[in-house]
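Heads up: numbering here begins at 1 and tracks the sequence. What you see below is based on every heavy atom in this structure, not just the backbone, and it leaves out hydrogens, waters and symmetry mates. It should be emphasised that the depicted structure is a prediction, and the values quoted were computed from it without experimental measurement.
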Amino acid sequence: MWAVIKNNAIDSIIPKATTVTIDDITNPNNDITYGPEIFSLWDDNERWGIGIAKVNAGTEPDQKFYTRGTPSYAIASAGVVTETIPKTAIALATLKTKYTEQTKQNGHTMIKRYSWLAERKTFAGTAVPSAVTSHVAAIVSASQTICTAIDDCGNLDDFMALWTVPESGNAPIDDWPTASNTVAAYKRI
């Protein structure tokens with residue numbers, strides 16, 4: 001990304017290599033058109049010589065937790081422009097509702113893969129293997145644990161910590177049981 005500088009101010013932002021028309025520095029009444037190759041073949045100093053500065057991209061906010069604002073740009077030094085991307089925290093109540101519902105849906109999806117066994121028991125009298133009933137119970141328990149962890153968050157930092165992966169194991173927001181090979185053999189899509 002680059003910025004066109006005119007009269008020591010940012011005139012426009014160029015998001016990708018493209019043809020660009022710049023005022024002739026020696027004769028401001030003339031425009032010079034440059035092809036997109038100046039962005040790949042020229043170095044930063046050559047571009048700066050015609051009034052095009054490199055833009056140091058701002059840090060994108062994590063859109064799980066923040067909404068992205070409109071970026072602003074400032075000249076940091078000769079040939080360098082800095083992009084700042086504002087962020088606004090999503091309301092904690094909104095996040096809790098969203099991820100509680102998502103957690104319940106994930107648990108439902110995992111359990112649904114084994115529901116054919118309950119139908120088979122109903123219609124054919126074939127017992128559901130105990131390993132499967134134990135696994136389904138573990139999914140229900142994990143869903144309840146995750147939902148409680150979400151509900152217990154008192155602020156955004158607590159909530160964001162649910163995505164922190166410990167050295168061994170899963171992040172609290174994604175701490176679901178893993179099906180053994182025996183149980184996985186019964187899973188249907």
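- Applying side-chain contact (heavy atoms from CB on, under 4.5 Å) to Ile22 and the options Ile52, Ile5, Thr33 leaves one that passes, Ile52.
- Thr148 pairs by the side chain to side chain contact (heavy atoms under 4.5 Å, CB included) definition with Asp152, not counting sequence neighbours.
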In a table with atom names and distances, give each donor-acceptor pair under 3.5 Å that connects a side chain of residues 138-145 to protein atoms at least two apart or in another chain.
| residue | atom | partner | partner atom | Å |
| --- | --- | --- | --- | --- |
| Thr145 | OG1 | Ser141 | O | 3.0 |

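- In this view, Asp62 and Lys64 satisfy the salt bridge (charged side-chain N to carboxylate O under 4.0 Å, His left out) rule, not counting sequence neighbours.
- For Asn170, the side chain to side chain contact (heavy atoms under 4.5 Å, CB included) partners two or more places apart in sequence, or in a different chain, are Asp175.
- Evaluation of the ring-ring contact (aromatic ring centres under 6.0 Å, His included) rule for Trp2 yields Phe39 as partners, not counting sequence neighbours.
- The salt bridge (charged side-chain N to carboxylate O under 4.0 Å, His left out) search around Asp11 returns Lys6, not counting sequence neighbours.
- In this view, Ser77 satisfies the side chain to side chain donor-acceptor pair (under 3.5 Å) rule with no residue, not counting sequence neighbours.
- The side chain to side chain donor-acceptor pair (under 3.5 Å) analysis of residues 178-189, with sequence neighbours excluded, yields no pairs.
- The salt bridge (charged side-chain N to carboxylate O under 4.0 Å, His left out) search around Arg47 returns Asp44, not counting sequence neighbours.
- By the salt bridge (charged side-chain N to carboxylate O under 4.0 Å, His left out) test, Glu60 is found to be paired with Arg68, residues two or more places apart in sequence or in another chain being considered.
- Pairs of residues two or more places apart, or lying in two chains, never qualify as side chain to side chain donor-acceptor pair (under 3.5 Å) while including a residue from residues 124-137.
- Pairs engaging residues 78-101 under the side chain to side chain donor-acceptor pair (under 3.5 Å) rule: Tyr73-Glu83 [sequence neighbours left out].
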